[in-house]
Amino acid sequence: MTTARAVPPPPTNEPVLGYAPGSAERAALESRLNELAKGPIETASFIAGEVVETGTTFDVRAPHAHDLQLATVHAADRDVVARAIDAALAAKHDWEAMPWEERAAVFLRAADLLAGPWRQTLNASTMLGQSKTPFQAEIDAACELIDFFRFNVQFYSEILAEQPISAPGIWDRTDHRPLEGFVLAVTPFNFTAIAANLPFAPALCGNTVVWKPSEKQAFSAHFVMELFRAAGLPDGVINLVHGDGAMVSDVCFDHPDFAGLHFTGSTTVFRSMWKRIGDSLPTYRTYPRIVGETGGKDFIVAHRSADPEALVTAMVRGAFEFQGQKCSAASRAYVPRSLFDRIREPLADTTRSIEMGDPTDFRNFMGAVIDEGAFARHRDAIAQAEADGPTSVLAGGQTDDSVGWFVSPTVVVSEDPRHDLMERELFGPILTVHPYDDDAWSETLDLVDSTSPYGLTGAVFADDRAAIEEAMARLRHAAGNFYVNDKPTGAVVGQQPFGGGRASGTNDKAGSALNLYRWISPRSIKENFVPPKDHRYPHMG
């Protein structure tokens, strides 16, 4: 026990390692990649400190290599999910009562473990299981997750320090309680950091959690759970269950102690979950918190004053890093016709030059898309671009599923700004560009704002400051993360809190205090030191 007022170590963003040839981090990563690729692991749900096997399994294979099996995973059934809920509720009293700095210390230790001996385990498992290159894995599984751990502790300490004023003779306080019940975290395949942060953020605030990761991310999720254990997380605080998301959600949504959903995934699934929760409202002890980040049809809009080289680089990086499998990836672009004439060939040449293949070959810029369903969706979209009159493929367009799920980076040109490929989220390495008339800048901003139902990320490229200001004003609600002369991806914890509105989610800004506020339920406390002993007021004299 200590009476000290806890002040956490000031957070700073974790430096990104370069993995240059001959570097120590490259050698360590290559060694861990070789170790993890040697044979499949067997993993299962992890509940209240116990591994729970069911005998019903699914395989996890590397997206870039069909023959590389990484894991055999035991899928949870309804009884296992119910057991996870019971474990979360049983652990809640002690975890909630634990001093906040002791909870924080678990995750600060996780940050330091990840920055040190665990770094290449999380990076290698992310590269193999999600087909990320070394840089994409480093900025995700290492740096962003470390930043989530450290910055969220700082944000939470600042929330706790927020206290009301007190009148003479009165002491007013705010008790920042966790939610009453358990939280369900449903996490996506594409970011290991998101998969860990969604259960971690509520847990830091004193909640206990049932965590359902994507089946496609089960390999790295196994090591995230091992990291939590190594950091000293008490049993039952975060309970990992694998398997069918709809079934897991149904069991949780049927429970009267369901208190919150932390979700990242598709808009369609999120809407169905919201409706399902709404239908069950009379059965709950409290109104559940619903926090979700969903899809995007993210844009780049260029003014005729834009720098051509910077624009091409942003389009290529923004659209094709991690195969475009980012909610923030650039998937539609609007370029004035005179500028597009100048960048057409450089954009095509750069796109054709991109190296794609096994991400464990460090020369590659891209890996494979996540699975057969994604591959088929992107293959069909390319075929649509080749067949439709208003669209044509400028560069790329090749697909190959013989070894892995490979879709080449593809640039489509559309004369129709309302074409399906300008509106529909594809979640892959396909960028559709609409050349617009040079004098139609204002009208094009209206198109950008109204074409897509989403509102996640977007970017404007211009050297003309008036054009930048106009775009920022006209597109104020079109993107929750807005970039000026930069690609619309790569939000950094503590610098650009991430999230969007419209069909892109609840905009609760992961990587900021705003997200943590959703996992607390404030209680106002008033203490009167000398209470009155006469019911009469002065005006009654």
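Numbering starts at 1 and runs along the sequence shown.
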Chemist: Run Phe228 and Leu240 through side chain to side chain contact (heavy atoms under 4.5 Å, CB included) and show every step you take.
Modeler: CA-CA 11 Å; Phe228 284 147; Leu240 170 65; over 6 Å; no
Chemist: With a 3.5 Å distance limit and no angle check, can you tell me whether Ser131 reaches the backbone of Ala368 through a side-chain donor-acceptor pair?
Modeler: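 Side chain of Ser131 to backbone of Ala368: a pair is present.
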Chemist: Sorted by first residue and then second, give each side-chain hydrogen bond (donor to acceptor under 3.5 Å, both in side chains) pair with at least one member in residues 229-249; sequence neighbours left out.
Modeler: Glu226-Arg229
Chemist: Could you tell me whether a side-chain N or O of Thr126 sits under 3.5 Å from a main-chain N or O of Leu122, the two making a donor and an acceptor?
Modeler: yes
Chemist: Would you please test Asp254 and Arg78 for side chain to side chain contact (heavy atoms under 4.5 Å, CB included) and show each step?
Modeler: CA-CA 11 Å; Asp254 281 340; Arg78 297 182 73 89; 4.1 Å; yes
Chemist: Return each pair, listed once, that meets side-chain hydrogen bond (donor to acceptor under 3.5 Å, both in side chains) where at least one residue sits in residues 47-59; pairs must be two or more places apart or across chains.
Modeler: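 Found Glu50-Arg83, Asp59-Gln69.
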Chemist: List in chain and number order the residues that pass side chain to side chain donor-acceptor pair (under 3.5 Å) with Ser402, two or more places apart in sequence or in another chain; answer none if no residue qualifies.
Modeler: Asp400
Chemist: Decide yes or no for Gln154 and Pro8: does some side-chain heavy atom of the first lie under 4.5 Å from some side-chain heavy atom of the second?
Modeler: yes
Chemist: Does the Gln323 side chain pair with the main chain of Gly367, one donor and one acceptor, at a distance under 3.5 Å?
Modeler: yes
Chemist: Under 3.5 Å, side chain of Gln130 to main-chain N/O of Gln217, donor-acceptor pair present?
Modeler: no
Chemist: Judged by atom type as modelled, is there a donor-acceptor pair below 3.5 Å linking the side chain of Thr350 to the main-chain atoms of Leu347?
Modeler: no
Chemist: For Val369 versus Pro429, what's the shortest heavy-atom pair and its separation?
Modeler: CG1-CD, 4.1 Å
Chemist: If we ignore hydrogens and angles and just use 3.5 Å, is the side chain of Asn481 paired with the main-chain N or O of Pro497 as donor and acceptor?
Modeler: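 Answer holds: yes.
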Chemist: Could you walk me through whether Phe322 and Ile139 pass side chain to side chain contact (heavy atoms under 4.5 Å, CB included), step by step?
Modeler: CA-CA 11 Å; Phe322 188 39; Ile139 60 175; over 6 Å; no
Chemist: Judged by modelled atom types alone, do Asn197 and His262 share a side-chain donor-acceptor pair under 3.5 Å?
Modeler: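 No donor-acceptor contact under 3.5 Å links the two side chains.
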Chemist: Hey, what do you get for CG (Asn152) to SG (Cys205), rounding to the nearest 0.5 Å?
Modeler: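 Between atom CG of Asn152 and atom SG of Cys205 there are 8.0 Å.
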Chemist: Given side chain to side chain contact (heavy atoms under 4.5 Å, CB included), test Cys252 with Ile85 step by step and report yes or no.
Modeler: CA-CA 7 Å; Cys252 291; Ile85 294 171; 4.0 Å; yes
Chemist: Roughly how far, to the nearest 0.5 Å, is CH2 of Trp118 from CG of Asp112?
Modeler: 14.5 Å
Chemist: Are the side chain of Thr208 and the backbone N or O of Ala88 linked by a donor-acceptor pair below 3.5 Å?
Modeler: yes
Chemist: I'd like to know if the side chain of Arg332 reaches the main chain of Lys297, judged simply by a donor and an acceptor atom lying under 3.5 Å from each other, with no hydrogens or angles considered.
Modeler: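 Between the backbone of Lys297 and the side chain of Arg332 there is a qualifying donor-acceptor contact (under 3.5 Å).
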Chemist: Step by step, work out the ring-ring contact (aromatic ring centres under 6.0 Å, His included) result for Phe365 and Phe320.
Modeler: CA-CA 9 Å; Phe365 183 86; Phe320 303 138; 8.0 Å; no
Chemist: Using the side chain to side chain donor-acceptor pair (under 3.5 Å) criterion, which residues pair with Gln136? Sequence neighbours excluded.
Modeler: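 By the side chain to side chain donor-acceptor pair (under 3.5 Å) rule, Gln136 matches Lys326.
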Chemist: Test of understanding: with side chain to side chain donor-acceptor pair (under 3.5 Å), list the residues that count as partners of Thr267, not counting sequence neighbours.
Modeler: Thr294
Chemist: Indicate whether any N or O donor in one side chain lies under 3.5 Å from an N or O acceptor in the other, for Thr489 and Lys487.
Modeler: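 The criterion, which ignores hydrogens and geometry beyond distance, is satisfied for Lys487 and Thr489.
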Chemist: Take the angle between the ring planes of Trp100 and Tyr156 and call it parallel below 30°, perpendicular above 60°, tilted in between.
Modeler: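 It falls in the perpendicular class, over 60°.
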Chemist: Do any side-chain atoms of residues 34-43 form donor-acceptor pairs under 3.5 angstrom with protein atoms, and if so which ones, sequence neighbours left out?
Modeler:
residue: Asn34; atom: ND2; partner: Glu30; partner atom: O; Å: 3.2
residue: Glu35; atom: OE1; partner: Arg32; partner atom: NH1; Å: 2.8
residue: Glu42; atom: OE2; partner: His74; partner atom: NE2; Å: 2.6
residue: Thr43; atom: OG1; partner: His222; partner atom: ND1; Å: 2.8

Chemist: Looking at Ala141, is its backbone amide N or carbonyl O close enough to the side chain of Thr192 to form a donor-acceptor pair, meaning the two atoms are under 3.5 Å apart?
Modeler: no
Chemist: Going from CZ on Phe155 to NZ on Lys509, what distance comes out if it is rounded to the nearest 0.5 angstrom?
Modeler: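 Those atoms lie 12.5 Å apart.
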Chemist: Which residues pass the side chain to side chain donor-acceptor pair (under 3.5 Å) test with Tyr454, not counting sequence neighbours?
Modeler: none
Chemist: Tell me every residue that passes salt bridge (charged side-chain N to carboxylate O under 4.0 Å, His left out) with Glu102, counting only those two or more places apart in sequence or in another chain.
Modeler: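 So Glu102 forms no salt bridge (charged side-chain N to carboxylate O under 4.0 Å, His left out) with any residue.
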Chemist: Keeping the roles fixed (side chain from Gln384, backbone from Asp380), state whether a donor-acceptor pair exists under 3.5 Å.
Modeler: no
Chemist: How about Glu158: does its CD atom have over 12 heavy atoms from other parts shown lying under 6.0 Å from it?
Modeler: yes
Chemist: Suppose the criterion is side-chain hydrogen bond (donor to acceptor under 3.5 Å, both in side chains): which pairs have a residue in residues 312-321, not counting sequence neighbours?
Modeler: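 Matches after skipping sequence neighbours: none remain.
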Chemist: For the CH2 atom of Trp405 and the CD atom of Glu372, what is their distance to the nearest 0.5 Å?
Modeler: 4.0 Å
Chemist: With rounding to the nearest 0.5 Å, note down the distance linking OH in Tyr517 to CD1 in Ile159.
Modeler: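 The OH atom of Tyr517 sits 4.5 Å away from the CD1 atom of Ile159.
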Chemist: What pair of heavy atoms forms the shortest contact from Ala479 to Phe482, and how long is it?
Modeler: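 Distance-wise, the nearest heavy atoms are CB-CD1, 4.4 Å.
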Chemist: For a 4.5 angstrom cut-off between non-hydrogen side-chain atoms, does Thr187 reach Pro199?
Modeler: yes
Chemist: Name all residues meeting the salt bridge (charged side-chain N to carboxylate O under 4.0 Å, His left out) criterion together with Glu14; count only those two or more places apart in sequence or in a different chain, and write none if there are none.
Modeler: Arg119, Arg150
Chemist: Evaluate the ring-ring contact (aromatic ring centres under 6.0 Å, His included) criterion for residues Phe107 and Phe200: first the C-alpha distance (whole Å), next the side-chain angles of each, then the deciding distance (0.1 Å), finally the verdict.
Modeler: CA-CA 8 Å; Phe107 298 110; Phe200 148 64; 4.6 Å; yes
Chemist: Applying salt bridge (charged side-chain N to carboxylate O under 4.0 Å, His left out), can you list everything that pairs with Asp508, at least two apart in sequence or on another chain?
Modeler: Arg518
Chemist: Kindly assign one of parallel, tilted or perpendicular to the pair Phe270 and Phe263, based on the angle between their ring planes and the thresholds 30° and 60°.
Modeler: parallel
Chemist: With Arg424, which residues qualify under salt bridge (charged side-chain N to carboxylate O under 4.0 Å, His left out), at least two apart?
Modeler: Asp420
Chemist: If you measure from OG on Ser23 to CG on Leu17, what distance do you get to the nearest 0.5 Å?
Modeler: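 Interatomic distance, Ser23 OG to Leu17 CG, rounded to 0.5 Å: 8.0 Å.
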